[in-house]
Amino acid sequence: DTGSAAAIPVNPNYDIAYVTPVSIGTPPQTLHLDFDTGSSDLWVFSSHLPASQIRGQTIYVPANSSTAKLLADHTWSITYGDGSASRGNVYVDNFTVGGLTVENQAVQCALQVSTSFTRESNIDGLVGLGFSTLNTVVPKSQLTFFDNAKPHMDEPVFTADLKWKSEGTYDFGFIDEKKYTGKITYVPVNTSPGYWTFTSSGYAVGSGNFSATSIVGIADTGTSLVYLPPSILTAYYRQVEGATSSRTYGGYVFPCNSKLPSFTFGIGEARITIPSSYISYAPVTAGSSTCFGGLQSSSSLGINIWGDVALKAAFVVFHGGNPPTIGWAKK
Ligand SMILES: Cc1nn(C)c(C)c1CC(=O)Nc1ccccn1
């Protein structure tokens, strides 16, 4: 089996996140979910939520699905690195992404979501594509959509082709040669942390020299920005007129009309360059002439994160073989 589905920016002006249409249950209920390689819970806004926590999101109503079955006495609760959180109960139901169906997929129904999820009216939930060891369902943890689908797939892979301010795709079970140029460079993945953790071979700022240095980080489609060690940030923002690390805004900001260098990172011998336009992320507040950077420091996170700002500069293959690997190509 294979599947292919759109990755649609939730906001026309800034790539805060991307959502993908999925069908759940019988008759199918269509929700738009944030596919997130940085977590492993598949959860949705549901009919169990208080109305006060719903602001335009589409909810999943298990009572309206003839194939929904409550997973009795199972609950879940997740807190993300940015402090957002949700919790609830669990059903299994049919789950279809771009023509690829998994029967008896665990669909975690939210009974409570934090304010940042309520505020994002275009995200109806998340599809965790990390390793199933991270799933929070108790007493029995559940498998991700990818783990459930893998045995039925032509190849045990999914690919991310995210785009700057436009619609990209997630493909499941095949690698579309038309979506990238040159070759795909695969590097090892350390599955122990439960994320797609890999080591980048270094970086360069603009047209500067490449600095060969191992950067251990995660490929995270569910995080907007790139978070790297402070020394790399200093090297980058030193080149940006008027850039400063702002306590007010919680990161590097600069005048929106500043000229920004590109940022290149290494994957083995290969190089992926993030264009400067991806790094001028957004005005700190609507209409401000101060912009928030797409590259930020990971010093307070304890983990380096290659989020959407980096991923959309490449075609990325999440290969779920034995052992799993991650592949990067230019496009
Ligand atoms: C670890 C971390 N610290 N900080 C500041 C961020 C943004 C992260 C990553 C993170 O929280 N990602 C996320 C959030 C919600 C849903 C899915 N993924």
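First listed ligand is number 1; within each ligand, the first listed atom is number 1. Throughout, numbering of the chain's residues begins at 1 and tracks the sequence. None of the values given here were measured: they were computed from a predicted structure.
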Engineer: Should K165 and D15 count as an ion pair when the cut-off is N to O under 4.0 Å?
Structural biologist: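 Salt bridge flag = no for D15 with K165.
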Engineer: Which of the atoms of ligand 1 are close to G222, meaning less than 4.0 Å from one of its heavy atoms?
Structural biologist: 13 (C), 17 (C), 18 (N)
Engineer: Can you pull out the closest protein heavy atom to atom 1 (C) of ligand 1? Residue, atom name and distance to 0.1 Å, please.
Structural biologist: G81 CA, 3.3 Å
Engineer: Identify the protein heavy atom lying closest to atom 17 (C) of ligand 1, giving its residue, its atom name and the separation to 0.1 Å.
Structural biologist: D36 OD2, 3.3 Å
Engineer: Out of D34, L301, D220, indicate the one that has the non-hydrogen atom closest to atom 3 (N) of ligand 1.
Structural biologist: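 Nearest option to atom 3 (N) of ligand 1, by heavy atoms: L301.
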Engineer: For the CG atom of D93 and the CD atom of Q29, what is their distance to the nearest 0.5 Å?
Structural biologist: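 Between D93 CG and Q29 CD, I get 8.0 Å after rounding to 0.5 Å.
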Engineer: Taking 4.0 angstrom as the limit and counting only heavy atoms of Y227, give me the atoms of ligand 1 inside it, by number and element.
Structural biologist: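 Matching atoms, with element in brackets: 7 (C).
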Engineer: Work out which heavy atom in F254 is nearest to a heavy atom in A243; give both atom names and the distance.
Structural biologist: CB-CA, 3.8 Å
Engineer: Considering heavy atoms of the protein only, find what lies nearest to atom 11 (O) of ligand 1 and give residue, atom and distance to 0.1 Å.
Structural biologist: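 Scanning the protein heavy atoms, the shortest distance from atom 11 (O) of ligand 1 goes to D82 N, 2.8 Å.
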Engineer: What ring pair (Phe, Tyr, Trp, His ring centres under 6.0 Å) pairs are there with at least one residue in residues 78-120, not counting sequence neighbours?
Structural biologist: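 Listed by first then second residue: W43-F117, H48-Y91, Y80-F117, F95-F145.
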Engineer: Determine whether any heavy atom of S84 lies closer than 4.0 Å to an atom of ligand 1.
Structural biologist: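 True for this residue.
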Engineer: Any heavy-atom pair between the side chains of F172 and T159 that's under 4.5 Å?
Structural biologist: no
Engineer: Less than 4.0 angstrom from a charged side-chain N to a carboxylate O is my criterion; do D171 and K179 meet it?
Structural biologist: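 Answer for the salt bridge query: yes.
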Engineer: Return the closest protein heavy atom for atom 9 (C) of ligand 1 as residue, atom name and distance.
Structural biologist: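 The protein heavy atom lying closest is T223 OG1, 3.2 Å.
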